[in-house]
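Inspection log for the structure reproduced underneath, given as structure tokens.
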Amino acid sequence: MHKITDHIFISSNFNDMNLELIHDFIKHSYWGLSRTFEEQKKASENTINFGLFKNNQQIAYARVMTDKVFFAYLLDVFVVPSEQKNGYAKLLIDHIITFPELQAVKKWMLTTKDAHTLYSKFGFTAIKSPENLMEKLNPQANKTH
């Protein structure tokens, strides 16, 4: 747990995460409309989770899929609507980018439809060679992003 103020802290402990809150937000997002609770739980269990808490209530979340050396993929980033526009997303992303276990990572990636300005503040840029990227979607893949 990383204390920011007397009332705000960030945790990367999976047991601190409010999985119901996380799933509820994501299942209403443009990127996670078809996710089940079990899918989200399994995904969260297999990544590094970051929760931002205010007065002991989770208000923001993100997770990182990584090998901790060469590659990290930032995903499922959100701040609950009642706490948006208060700088919490920046606080959370800054904590993740400077997280000790992730300092050796050589390449970070993410996908966003609407938060380019936020991520550019942390050095993210458009893919220089998008023609080099490939993907494989199974028939059940969420095609909303």
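Residues take their numbers from the sequence shown, with the count starting at 1. Heavy-atom basis, side chains included; hydrogens, waters and symmetry copies ignored.
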Return the [atom1] to [atom2] distance between [X] and [Y], rounded to the nearest 0.5 Å.
| X | Y | atom1 | atom2 | value |
| --- | --- | --- | --- | --- |
| Arg63 | Ser12 | CZ | OG | 15.0 Å |
| Asn46 | Phe14 | CG | CZ | 9.0 Å |
| Thr98 | Ile93 | OG1 | CD1 | 11.0 Å |
| Ile96 | Leu91 | CD1 | CG | 10.0 Å |
| Ile59 | Gln84 | CD1 | CD | 10.5 Å |
| His7 | Asn55 | NE2 | CG | 6.0 Å |

Exercise for the section: Please state whether the rings of Phe50 and His95 are parallel, tilted or perpendicular, taking 30° and 60° as the class boundaries. Expected result: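 Perpendicular: the ring planes of Phe50 and His95 meet at over 60°.
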
Examine [X] and [Y] and state if one hydrophobic cluster contains both, with Ile, Leu, Val, Met, Phe, Trp and Tyr joined whenever side-chain heavy atoms are less than 4.5 Å apart.
| X | Y | value |
| --- | --- | --- |
| Leu102 | Leu110 | yes |
| Met109 | Leu92 | no |
| Tyr30 | Phe25 | yes |
| Phe71 | Val77 | no |
| Val69 | Val105 | no |

State, yes or no, whether a side-chain contact exists between [X] and [Y] at a heavy-atom distance under 4.5 Å.
| X | Y | answer |
| --- | --- | --- |
| Tyr88 | Ile8 | yes |
| Ile97 | Leu74 | no |
| Val79 | Asn86 | no |
| Phe99 | Ile10 | no |

Exercise for the section: Kindly indicate, with the supporting measurements, whether the criterion side chain to side chain contact (heavy atoms under 4.5 Å, CB included) is fulfilled by Phe78 and Ile22. Expected result: CA-CA 9 Å; Phe78 72 84; Ile22 293 164; 4.3 Å; yes

Please identify each residue that fulfils salt bridge (charged side-chain N to carboxylate O under 4.0 Å, His left out) with [X], with sequence neighbours left out.
| X | value |
| --- | --- |
| Glu45 | Lys41 |
| Lys90 | none |
| Lys3 | Asp6 |
| Asp94 | none |

Which donor-acceptor pairs under 3.5 Å do side chains of residues 114-135 form with protein atoms, sequence neighbours excluded?
unit_1, atom_1, unit_2, atom_2, d
Ser120, OG, His116, O, 3.3
Ser120, OG, Thr117, O, 2.9

Among residues at least two apart in sequence or on other chains, which ones pass side chain to side chain donor-acceptor pair (under 3.5 Å) with [X]?
| X | result |
| --- | --- |
| Ser11 | Asp16 |
| Asp67 | none |
| Asn49 | Tyr61 |

Handout entry: Flag, side chain of Gln58 to backbone of Leu52, donor-acceptor distance under 3.5 Å
Key =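 Judged by distance alone, no pair lies under 3.5 Å.
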
Problem - Partners meeting ring-ring contact (aromatic ring centres under 6.0 Å, His included) with Tyr73 (sequence neighbours left out) - result: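 Applying ring-ring contact (aromatic ring centres under 6.0 Å, His included) to Tyr73 gives none.
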
Exercise for the section: For Phe53, enumerate each residue passing the ring-ring contact (aromatic ring centres under 6.0 Å, His included) test, keeping only those at least two apart in sequence or located in another chain. Expected result: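 Phe53 satisfies ring-ring contact (aromatic ring centres under 6.0 Å, His included) with Phe9 only.
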
Problem - Criterion side chain to side chain contact (heavy atoms under 4.5 Å, CB included) on Asp76 and Thr47, from CA distance to verdict - result: CA-CA 11 Å; Asp76 290 345; Thr47 52; over 6 Å; no

Problem - Closest non-hydrogen atom pair between Ile26 and Ser29, with its separation - result: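 Nearest pair, atom of Ile26 first, then Ser29: O-OG, 2.6 Å.
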
Handout entry: Shortest non-hydrogen contact from Lys54 toward Glu83
Key =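 Between these two residues, the closest heavy atoms are NZ-OE1, 3.2 Å.
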
Practice task
Provide the full list of salt bridge (Lys or Arg N to Asp or Glu O under 4.0 Å) pairs with a residue in residues 18-27, sequence neighbours left out, each pair given once.
Solution key: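 Salt bridge (Lys or Arg N to Asp or Glu O under 4.0 Å) check on residues 18-27 returns Asp24-Lys27.
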
Exercise for the section: Hey, could you give me each pair passing salt bridge (Lys or Arg N to Asp or Glu O under 4.0 Å) that has a residue in residues 100-112? Not counting sequence neighbours. Expected result: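 As it turns out, the salt bridge (Lys or Arg N to Asp or Glu O under 4.0 Å) pairs with a partner in residues 100-112, which skip direct neighbours, are Lys68-Glu101.
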
